[in-house]
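Basis for what follows: all heavy atoms, side chains included, without hydrogens, waters or symmetry-related copies. Numbered from 1 within each chain, the chains take letters A, B, ... in sequence-line order. Source: prediction; values computed, not measured.
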Amino acid sequence: MKFSVKTWSKSNGTTARTGVFQLGNCPQIETPALLLSTRKGLPHFISPDLLPSLPLPDSSLLHVSPLHFMEGISSKTISSIGGLHKMLGLHDFGFVAVARDSIQCLPECSATNKIGASFETPCGRLLIKPADYMRLISSLRPNLWATLADEVPAWVSKKRNQTSVDRTAGGVAFGAIVGGSDIEERRRCAQEVVKRNVSGYWIGGFGFGESTDERPALLSAVIGSLPKDGPRLISGLGLPEEVLQGVAAGIDLFDSSYIYHLTIGGFALTFPLHNKIYVSDLKKTGMGIYQTKINLKATVYRKDATPIVESCCCYTCQNHTKAYINHLLNVHEMLAQILLEIHNTHHYLGFFRSIREAIKEGRFEQFREMFIEKRRNHLAEVAVSA
Amino acid sequence: MNWPRAMLTDSGGFQMVSLLHLADITEKGVTFQSPVDGKPMLLTPEESIQIQNRIGADIIMALDDVVKTTITGPRIEEAMYRTLRWIDRCIAAHKKPNEQNLFGIVQGGLDPVLRDICVRGLVERNLPGYAIGGLAGGEDKDSFWRVVAQCTALLPEDKPRYVMGVGYPLDIVVCSALGADLYDCVYPTRTARFGTALVPEGVLKLKHKAMAEDTRPIDPTCSCMVCKNYTRAYIHCLVTKDAMGSQLLSYHNLHYMLQLSRDLHSSIIEERFPDFVRGFLQKMFPEGDVP
């Protein structure tokens, strides 16, 4: 793995940075970047032959949860196939293994104990022992994996053998940093992990309903304890405002289920990706242009023969209309989810690109403020007219 | 749909058979109870053709009076004669005869006399193509192929013959041998959604526990994207649980059907059709127990 920071934000109030990240056989990608969420290694709906239609290299990092492979297929079989890349036929993609997937595999803190970490999964509640986890990681052979998060503070239990990271799995290891909403705990956890033999940091424990006000303090407590040139990956920050918050704090990689939840709800992202809004657009659509998303199930789209976003060059917007997707949703055709996942992924990767451009051009804070301001105004307008 | 290739629309007639408890068939047309809001809907030959004209498919189907082949009695005769009367109404209602090809559908149940009358009646109307309908509903195979054979013998040589609702790979091979040209069936994709793959030996049930350790592709002789990239074990862990499992299996099954059609076609052109059929049956029924 290679990672280096390229642009440091010069203005106060932000520690946003861009970087260059290179993993395995993948092309180099720029950070801040988004990991695409998968189910057992493949996108939820986009079939593998349509994956190349997504923007490259932005779309080459995939998040995989080892917990998806706790049943249905054994570690032994995965090993004999040759690991994730061979099993999925995706040789030019980078796989990042993190146990939590924010959709079906949620950490169950109350049941986590000295023996292992507990998760609620579709197979019921599972207690994952570190040894089992490492066996799965060894057979999956992801390019990068996060250590299993301990909810018990690292300095308390020496019996767990967590102080040395098992290197036999190969691939790049990121140390897991958790600690709940206690700033001191977070800081201590981060400091412990920094001592370990890891190449980067996975920050967990966010996206569980903590308020957006609490978050900046917690994030800076963690990040403040990390080396400046180490890559930081966070799970659970998915909404545009949350991503902006994470980027401002100095996060480089995001894994999120936002696109998945939008897609299954029948939503399509529509917010403008650039701050340069033409007056004519504003006049045409009014403040509606700052709508984050639209719900294509709504009857207002029944006869709308325009693409989701006029200027979008994704497969969905180049080939299909809102009316068609509305119809597909009404008759429960899976093609609706496929088309929506394609568009939403495309659009959200575009958002990350805009973020990187803003950082490189030294205007990230303005970008972030304008984005939040416009959305707030839009929501206020909608509330007033409702 | 943005679909650049050929398209065919059905008349809505099949729903009469599959939703029969909701239908009341009269000379005017078929009265449905709408499954959406419970209101009565009337589908007439004129309305069906009008809708199909608007959709704009290359081939459109006449509205016929379909009955299940498992039914006996005067209802079959009534349906056959009504189908002939309705074809005239369909022809009259068809506004785009030069852009869209209206196919008539031969009915008559399993009765050779009724089938004969129906075929002759349709052929008189000189339609661009003919479908053999009312089959693929659970009748025994012997009756099935006899009706197909009778119809293909009587239908014009130079017009397409479309056997509706067929079907299983074996049935397609048999009907092709009898002179049919076109088929449609939900089978490949429906069986995929239940975790079953189509292979030369018959079917492969990916849900089966034994598949969990099987690192071979679904079909080593298949050149589709799924067989080139995925193992039975991986697909096993997807099927019936994840949408992607249905997608990958559907992809393979459709590829299998298209390959079968291509093979049938080239074996006929290259004058080795009987050998092809023998090879096909040998792989599927190695013990010789061909139904």
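Both the backbone and the side chain of Phe45(A) come within contact range of chain B, with heavy atoms under 4.5 Å apart. The parts of Met1(B) that come within reach of chain A are both its backbone and its side chain, each placing non-hydrogen atoms under 4.5 angstrom from that chain. Looking at Ile338(A), the atoms closer than 4.5 Å to chain B (heavy atoms on both sides) all sit in the side chain, from C-beta outward. Of the two parts of Lys241(B), only the side chain, counted from C-beta on, holds a non-hydrogen atom closer than 4.5 Å to a non-hydrogen atom of chain A.
Between the CE atom of Met334(A) and the OG atom of Ser246(B) there is a distance of 5.5 Å, given to the nearest 0.5 Å. Put simply, SG on Cys237(B) and CD1 on Ile78(A) are 7.5 Å apart, with the number rounded to the nearest 0.5 Å. The CG atom of Leu238(B) sits 6.5 Å away from the CG atom of Leu42(A) when rounded to the nearest 0.5 Å. Interatomic distance, CD1 of Ile235(B) versus CD1 of Ile73(A), reported as 10.5 Å (0.5 Å rounding). The CG atom of Leu88(A) lies 4.5 Å from the OH atom of Tyr234(B); values are rounded to the nearest 0.5 Å.
A donor-acceptor contact shorter than 3.5 Å is absent between the side chain of Tyr230(B) and the backbone of Met87(A). Put simply, the side chain of Asn2(B) never gets that close to the backbone of His320(A): no donor and acceptor are under 3.5 Å apart.
The two residues Ala212(B) and Gly72(A) come nearest to each other via the heavy atoms CB-O, 3.7 Å. Annotation for Gln247(B) and Ser47(A): closest pair OE1-CB, 3.4 Å, computed over non-hydrogen atoms.
Under a cut-off of 6.0 angstrom, the local environment of OH in Tyr168(B) is sparse, with at most 12 non-hydrogen atoms contributed by other residues, nucleotides or ligands. In Asn319(A), the CG atom is crowded: over 12 heavy atoms of neighbouring residues, nucleotides or ligands sit closer than 6.0 Å. Counting heavy atoms of neighbouring residues, nucleotides and ligands inside a 6.0 Å radius, atom NE2 of His265(B) does not exceed 12 of them. Heavy atoms of other residues, nucleotides or ligands lying less than 6.0 angstrom from NZ of Lys28(B) number 12 at most.
Using a 4.5 Å heavy-atom threshold, the side chains of His44(A) and Met244(B) count as separate.
For the pairing with Pro48(A), the side-chain contact (heavy atoms from CB on, under 4.5 Å) check across Asn229(B), Leu248(B), Val226(B) returns one residue only, Leu248(B).
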